[in-house]
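Data first, discussion second: the structure below is written as structure tokens.
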Amino acid sequence: MTASPSAPWRATVLTLFPEMFPGPLGVSLAGRALTSGIWALEARDIRASATDKHRSVDDTPAGGGPGMVLRADVLAAAIDAADIAPERPRLLMSPRGRPLTQTFVRELAAGPGPLVVCGRFEGVDQRVIDARALIEVSIGDYVLSGGEIAALVLIDACVRLLPGVMGKLESGTDESFSDGLLEYPQYTRPQLFEGRSIPDVLTSGDHAKVAAWRRAQSEALTEGRRADLWAEWRARQDREQTRTSQKAPKSTTDG
Ligand code: SAH
């Protein structure tokens with residue numbers, strides 16, 4: 001699914017704190033891209049859909065327990081009022097959700113842009129999640145006080161992948177997770193810092209050697225720091241090797 005060139009990638013955020021947007025997304029890369037119309041942001045106040053005289057959006061949990069729960073009727077009304085095109089994904093930020101990975105971010109960035117619902121308090125009435133088919137998305141195994149910061153994280157990760165946002169096209173393809181490995185160490189001037197110099201290979205001008213050094217560093221870092229990513233990467237390498245050898249079973253020379 002790709003957004004039509006006339007409609008920029010769009011994030012519609014439902015929140016009790018619309019003043020938190022664009023927040024950090026209003027500066028630097030994302031902010032410039034927002035101003036230039038590469039993407040659009042709409043933060044909508046859930047409370048505007050409250051109907052009682054106290055404008056209440058939450059109530060105590062059925063079955064007892066601490067805290068408050070966002071009401072299904074109010075949130076459903078807010079979602080309906082946002083009038084989201086059916087092809088746009090409807091997400092709910094939630095620690096129980098599908099982990100936000102670079103692969104997932106790439107999927108979202110390639111689409112028309114999501115509706116993002118931000119929970120608060122103890123969370124959201126399950127019936128609105130079911131009735132509006134919300135996809136729960138988690139930014140990590142820890143609990144935040146609300147979905148807003150998680151939504152900012154998700155949107156930031158998507159926006160930097162939109163065409164025209166990053167200076168160089170490559171800066172999005174040669175970094176951590178883009179090929180399943182963590183990024184190699186980076187250096188810049190000065191050549192000598194507190195007695196530490198930039199590795200010689202990086203100033204050698206030998207592009208093949210630089211690439212080989214970076215690859216080796218990426219592999220060593222991933223193996224040392226992230227057993228999970230390393231195992232996945234190794235498995236993928238094995239599969240690719242099997243596929244290549246099946247395609248050309250008699251080839252013994254490397255071309
Ligand atoms: N009681 C809930 C947590 C509620 S935290 C539970 O144990 O699952 C309040 C809100 O913060 C959530 O509704 C969600 O929108 C947001 N939130 C908290 N942690 C998050 C995370 N790791 N990823 C995405 N959203 C999160």
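For ligands, and for the atoms within them, numbers begin at 1 and follow the listed sequence. None of these values were measured; they are calculated from a predicted model.
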Residue pair Met68 / Arg120, side-chain heavy-atom distance below 4.5 Å: no

Donor + acceptor pair across side chains of Thr101, Arg106 (<3.5 Å): no

Residues in contact with ligand 1, criterion: heavy atom under 4.0 Å: Met93, Ser94, Pro95, Gly119, Arg120, Phe121, Glu122, Gly123, Val137, Ser138, Ile139, Gly140, Tyr142, Val143, Leu144, Ser145, Gly146, Gly147, Ala150

Arg90: salt bridge (Lys or Arg N to Asp or Glu O under 4.0 Å) partners, not counting sequence neighbours: none

Side chain to side chain donor-acceptor pair (under 3.5 Å) partners of Asp58, counting only residues at least two apart: none

Short side-chain donor-acceptor distance under 3.5 Å, Glu136 and Ser94: yes

Those residues that, when tested against Gln217, pass side chain to side chain contact (heavy atoms under 4.5 Å, CB included) (two or more places apart): Tyr184, Pro185, Trp213

